[in-house]
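Here the structure is a predicted model, which means the values were calculated and not measured. For ligands, and for the atoms within them, numbers begin at 1 and follow the listed sequence.
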Amino acid sequence: MDMLGDLEKILYHESTIMARLDELAAQITHDYRGLDLTLVAVLNGSLPFMADLIRRIPLPLKLDCLSVSSYYGSTRTTGNVRFDQDRLPDVDGRHTLIVDDILDSGITLAAIRRKIQEEAKPASLKSCVLLSKRRERAKEVEADYVGFEIADEFVVGYGLDYDEKYRNLSLIGVLNPEIYANQ
Ligand code: IMP
Ligand code: MG
């Protein structure tokens, strides 16, 4: 399978992503210095992003994960978010930063924020996404830290998948629509 050949165009090469992560991490380090910080990775898409991000944040921090399934009709969420585990990460009293791959409709991030606020008592709750699509959101939610703002196109790579594929690309690109046109 030729993963690169399935891309319509490349948006961000690995070096561009890493340079932006340096900036994001510096901002987070500045904002959370002296605070009890917990980063919560939204699995699976945020894994590469989280791994590269935390190694740039020289603060004592905790790392936790959260697994959600959003139901996808090909390339758009259908609006249902299911939490895959019974227990949320224990973030009581902690300054909590949700880390996700991409903000699209906003449904996933809004559901996670609501769930944490209902079931835990974080000292604060913010979110960080690598990508944010420029579009109208189904839920009024914005991220506090954004790596890149992108157009409303379906992208893959660096954690982002189509049908669970392409997560292991080290760059981010727009998937050729022919790949999902007949789905
Ligand atoms: P939202 O709930 O619509 O904001 O979607 C968030 C989730 O949908 C992300 O965590 C991704 O898993 C997935 N998603 C949204 N847009 C894309 C994309 O362009 N490529 C790959 N996954 C996407
Ligand atoms: Mg996904």
Colleague: Is a salt bridge present between D22 and R20, judged by a nitrogen-to-oxygen distance below 4.0 Å?
Modeller: no

Colleague: Show me which atoms of ligand 1 lie under 4.0 Å from any heavy atom of I107.
Modeller: 2 (O), 4 (O)

Colleague: Only heavy atoms count here, so choose which of V42, V155, I112, V129 is nearest to atom 21 (C) of ligand 1.
Modeller: V155

Colleague: Any N/O of L109 closer than 3.5 Å to an N/O of ligand 1?
Modeller: no

Colleague: In terms of atom number and element, which parts of ligand 1 are under 4.0 angstrom from non-hydrogen atoms of E153?
Modeller: 19 (O)

Colleague: Scan side-chain atoms only and decide if D64 and T38 contain a donor-acceptor pair under the 3.5 Å cut-off.
Modeller: no

Colleague: Which of the atoms of ligand 1 are close to D100, meaning less than 4.0 Å from one of its heavy atoms?
Modeller: 10 (O)

Colleague: Is there a heavy atom in R137 that sits closer than 4.0 Å to ligand 1?
Modeller: no

Colleague: Does K133 reach ligand 1, in the sense of a heavy atom lying below 4.0 Å from it?
Modeller: yes

Colleague: May I ask you to identify, for V156, whether its side chain, its backbone, both or neither come under 4.0 Å of ligand 1 on a heavy-atom basis?
Modeller: neither

Colleague: Could an N or O of ligand 1 be found under 3.5 Å from any N or O of L103, whether backbone or side chain?
Modeller: no

Colleague: Quick one: do D104 and R135 satisfy salt bridge (Lys or Arg N to Asp or Glu O under 4.0 Å)? Show the steps, please.
Modeller: CA-CA 8 Å; D104 185 19; R135 59 165 285 198; 2.8 Å; yes

Colleague: Indicate the atoms forming the closest heavy-atom contact of L37 with R94, along with that distance.
Modeller: O-NH2, 2.9 Å

Colleague: Among the heavy atoms of L160, does any lie under 4.0 Å from an atom of ligand 1?
Modeller: yes

Colleague: Whether the side chain of N176 engages the backbone of E178 through a donor-acceptor N/O pair (distance < 3.5 Å, no angle test) should be reported.
Modeller: yes

Colleague: Out of T16, V174, L171, I172, which residue meets the side chain to side chain contact (heavy atoms under 4.5 Å, CB included) rule with I10?
Modeller: L171

Colleague: Taking 4.0 angstrom as the limit and counting only heavy atoms of D101, give me the atoms of ligand 1 inside it, by number and element.
Modeller: 9 (C), 10 (O), 11 (C), 12 (O)

Colleague: With heavy atoms of S105 as the reference, note each atom of ligand 1 found under 4.0 Å away.
Modeller: 1 (P), 2 (O), 3 (O), 4 (O)

Colleague: Using 4.0 Å as the upper bound for N to carboxylate O, is an ion pair formed by K9 and E153?
Modeller: yes

Colleague: Any heavy atom of G45 sitting closer than 4.0 Å to ligand 1?
Modeller: no

Colleague: When you compare the side chains of N168 and Y158, does any donor N or O come within less than 3.5 Å of an acceptor on the partner?
Modeller: no

Colleague: Under a 4.0 Å N-O cut-off, is there an ion pair linking R137 with E142?
Modeller: yes

